[in-house]
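The structure appears below as structure tokens.
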Amino acid sequence: RNMTVLDVANVLKKDVEHVFKTLEFADKNSDTVYTRDTVIHNPQIVREIVKISGCRFKLVPRPDEVVEEKENKDAVPAPPAPPEALRPRPPVVCVMGHVDHGKTTLLDALRNTSVVDQEFGGITQHIGAFEVRLRSGETVTFLDTPGHAAFSAMRARGAGATDVVVLVVAADDGVMEQTIESVRMAREADVPILVAINKIDKPGVDIQRTLRSLAQHGVVCEALGGDVQAVQVSALKKLHLDTLVEALTLQAQLMELKADPGGYVEGVVLEAQLDPRVGKQATVLVQRGTLRKGCILVAGNGWAKVRMLQSADGRPVLEAPPSSPVSVLGWRELPAAGDTVLEVDSEKRANEVMKWRHSQSMKEKQEEDSEAISEATHRAQ
Ligand code: GDP
Ligand code: MG
């Protein structure tokens, strides 16, 4: 039910004239106030108003929506780091492939091998990504959610978080529809592919046939004279998983993946949630700088003073360098998955950025509404 101007005036303890000035769509003749949404979604009402008062209705911002910020107060990424500041960083890997070819089994097997220190008794948690450490000390970061949806979601948001796609192909099944789709997506994103031929423990599997049909789809592995690495694994029996991880570190070296571990932190939010035990939690994949306790971060409409960092195996972490995923506690407001993370100097600065972003989204909403309303009014006349 719509309220009248008088109703609103009483609630606000203001005089009627003030309500007319500040609330939009007030029809002076009938004392009826229409909400913005009612008007946008119901041109019939617009027609009624136009008939009664014979005037057009203009959108007037409510007092709480008045945009004060003029100067751009947003946080922006730092300029590119000088080459001498760059250090090698681990690859960030997304596992893709046809359904039932073993993506989840492979990730579970890799995650378990990553819990090195069993005595620590850490509880592995799904935070969106995890790291596997080799005996050589090198690490590889695996994004936890396999498949198309996760890959395209990250890409759609411009995150560009994935360095390498591990294409899982079951040797008994060979190349299937989603295998081809995965190849297409990786190519489109310009992300190199590393093939994991899975289920080699199964009797009578034909690996050559799989390699040949991959080649037919443009993925020519080294065995056939191409430059794509292929590793034969069994995710179920945990065979050759270390070879797969080593191949990925080699791939990273070939790609010369580098980042500046100094300076302001930059990254991307992989997951964000309200955890009943720990409160506001978000996983950040660090892409530049080194994340530490006490850092002040802004991301989307959220911000944090980092209270605690944890790895996927539940272990407290003191520092998170480039390519490492960490669960971050200390959010005042939660960001959303895909938001860019930027470090700022102070809490004051974080508040300023939040205020600016809030005012910008209000302004956008107002502009959208104004357009929708003038369209609705146009249709009604
Ligand atoms: P996803 O759909 O790609 O995530 O595939 P899953 O990981 O759910 O695996 C599908 C089925 O294949 C499950 O029954 C797994 O146990 C089985 N599987 C996965 N990897 C292997 C493997 O290396 N060898 C065998 N024999 N079975 C496997
Ligand atoms: Mg699965």
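First listed ligand is number 1; within each ligand, the first listed atom is number 1. Since we're looking at a predicted model, the values are computed, not measured. Note that these values count all heavy atoms, side chains included, but never hydrogens, waters or copies made by symmetry.
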ask   = So is H98 in contact with ligand 1, going by heavy-atom distances below 4.0 Å?
value = yes
T104 near the Mg ion (ligand 2): N/O/S under 2.8 Å = yes
I'd like to check which ligand 1 atoms, numbered from 1 as shown, lie under 4.0 Å from a non-hydrogen atom of [X].
| X | result |
| --- | --- |
| K202 | 26 (N) |
| S234 | 22 (C), 23 (O), 24 (N) |
| L236 | 16 (O), 20 (N), 21 (C), 22 (C), 23 (O), 24 (N), 25 (C), 26 (N), 27 (N), 28 (C) |

Worked verdict on D173 versus K199 for salt bridge (Lys or Arg N to Asp or Glu O under 4.0 Å) = CA-CA 9 Å; D173 227 11; K199 307 198 185 184; over 6 Å; no
ask   = If you measure from the Lys or Arg side-chain nitrogens to the Asp or Glu carboxylate oxygens, is any gap between D313 and R111 under 4.0 Å?
value = no
Residue that, paired with [X], satisfies side-chain contact (heavy atoms from CB on, under 4.5 Å) out of [options]:
| X | options | value |
| --- | --- | --- |
| P90 | S323, S324, P322 | S323 |
| S213 | V219, V169, T179, V175 | V175 |
| V132 | D242, V245, T139 | V245 |

query = What part of N198, side chain, backbone, both or neither, has a heavy atom within less than 4.0 angstrom of ligand 1?
reply = side chain
query = Can you tell which part of D201 has a heavy atom less than 4.0 Å from ligand 1: side chain, backbone, both or neither?
reply = side chain
request  = With atom 7 (O) of ligand 1 as the reference point, say which of L239, V168, V205, T105 has the nearest heavy atom.
outcome  = T105
Is there any N or O on [X] that sits under 3.5 Å from an N or O of ligand 1?
| X | result |
| --- | --- |
| I200 | no |
| L106 | no |
| V99 | no |

message = Set out, in order, the CA-CA distance, both residues' side-chain angles and the distance that settles side chain to side chain donor-acceptor pair (under 3.5 Å) for T141 and E131, then state yes or no.
response = CA-CA 4 Å; T141 297; E131 289 171 283; 4.5 Å; no
query = Are Q251 and E246 close enough, and set up right, to give a side chain to side chain donor-acceptor pair (under 3.5 Å), and what steps lead you there?
reply = CA-CA 9 Å; Q251 182 71 39; E246 274 159 22; over 6 Å; no
